[in-house]
Amino acid sequence: MTLGMENHDPAALLQFYADMGADEAMGDTPVDRTRLPERVALFPSPAASVPAAAKPSADAPLGTIESLTDARQLAAAAKTIEELKSALDGFQGLSLKRTATQMVFADGNPQARVMLVGEAPGADEDRLGRPFVGLSGQLLDRMLASIGLSRESNIYISNVINWRPPGNRSPSDAEIALSLPFIQRHIELVNPTVLIFAGGVAAKALMQTQQGITRLRGKWAEHKSDGLNQPIPVLPIFHPAYLLRSPQEKRLAWADLLKLQARLKELGIL
Ligand code: URA
């Protein structure tokens, strides 16, 4: 790609790319990532069947309907959290895996009665292999600590997406759709008493709604899925990264945390 930048020295060109957010070395040969052969429904109906003819051609990029079938089968077959982790590790349907350093699966106590689900790993999580360890994770830890929760004892944390989107871009609808079977199964296997969805991506994807987090936050809802004996109460909250950018919203986030704390006390969790 020249874009009229032939006269720029390589360092300036690199700086230009970094400024534009292209901060990952992806590979030697270009890949047309805009070429998706089929649309993947973000919210497929449970009864949705996959047409037998929907086989991708040999050179089809990842993110196809076949990958979605694969994701659903792999996730459903996992009977333990460890099995789910290795199924996810072996899943070839997400191209994010090729650009990320490692999978970021979960952190905290898998026996905890509270589970929080965020969006996707960022650069720090990608480096360390644990969710929420960067700046927003540090804020999250302080928010949780303020109401008596900590990943060392009584909360379990994961994300909808398990590999870092390059340059911290937002995950695409197809990436979310391909990751959903895994996080839904993850929730079933942990079977927490209370769920927290941090941010709009997690809330929209897992609550199967188009409503934004500003409307959803602070209102208790129910998370249902086939593998659960009963619905799990879920509280959507603002994502800590959003609170770092919009500190004036911390007031609302604090109200939500107090609401959460009251419910956890009622349930004898705190
Ligand atoms: N943001 C998230 O949603 N998850 C992480 O793990 C880190 C940042």
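Model, not experiment: these values are computed from the prediction. Every number for a ligand or one of its atoms is a count from 1 in the order of the listing.
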Q) Counting only heavy atoms, which portion of P131 has something under 4.0 Å from ligand 1: side chain, backbone, both, or neither? A) both
Q.
Looking at R164, is its backbone amide N or carbonyl O close enough to the side chain of D126 to form a donor-acceptor pair, meaning the two atoms are under 3.5 Å apart?
A. no
Q) With the 4.5 Å side-chain cut-off for hydrophobic clustering, are L206 and V104 part of the same group? A) no
Q: Check each atom of ligand 1 against the heavy atoms of H239 and keep those under 4.0 Å away; list them by number with element.
A: 1 (N), 2 (C), 3 (O)
Q.
Measuring from atom 8 (C) of ligand 1, which candidate in G118, P121, A241, A120 has the nearest non-hydrogen atom?
A. A120
Q: May I ask you to identify, for E119, whether its side chain, its backbone, both or neither come under 4.0 Å of ligand 1 on a heavy-atom basis?
A: both
Sequence neighbours left out, cut at 3.5 Å: what donor-acceptor pairs do the side chains of residues 255-262 make with other protein atoms?
residue, atom, partner, partner atom, Å
D256, OD1, R217, NH2, 2.9
D256, OD2, R217, NE, 2.7
K259, NZ, G218, O, 2.6

Q) Any nitrogen or oxygen of F132, main chain or side chain, under 3.5 Å from a nitrogen or oxygen of ligand 1? A) yes
Q: Over 60° means perpendicular and under 30° means parallel, so classify the ring planes of F182 and F91, tilted if in between.
A: tilted
Q) Are the side chains of E119 and V160 in touch, meaning some heavy atoms are under 4.5 Å apart? A) no
Q: Begin from the C-alpha positions of H239 and F197 and carry the test ring-ring contact (aromatic ring centres under 6.0 Å, His included) through to its verdict.
A: CA-CA 8 Å; H239 194 286; F197 295 154; over 10 Å; no
(Q) Just to confirm my output: which protein heavy-atom neighbour is closest to atom 4 (N) of ligand 1, and how far is it? (A) N159 OD1, 2.8 Å
(Q) In this structure, does ligand 1 have an atom that sits under 4.0 Å from one of the heavy atoms of S136? (A) yes
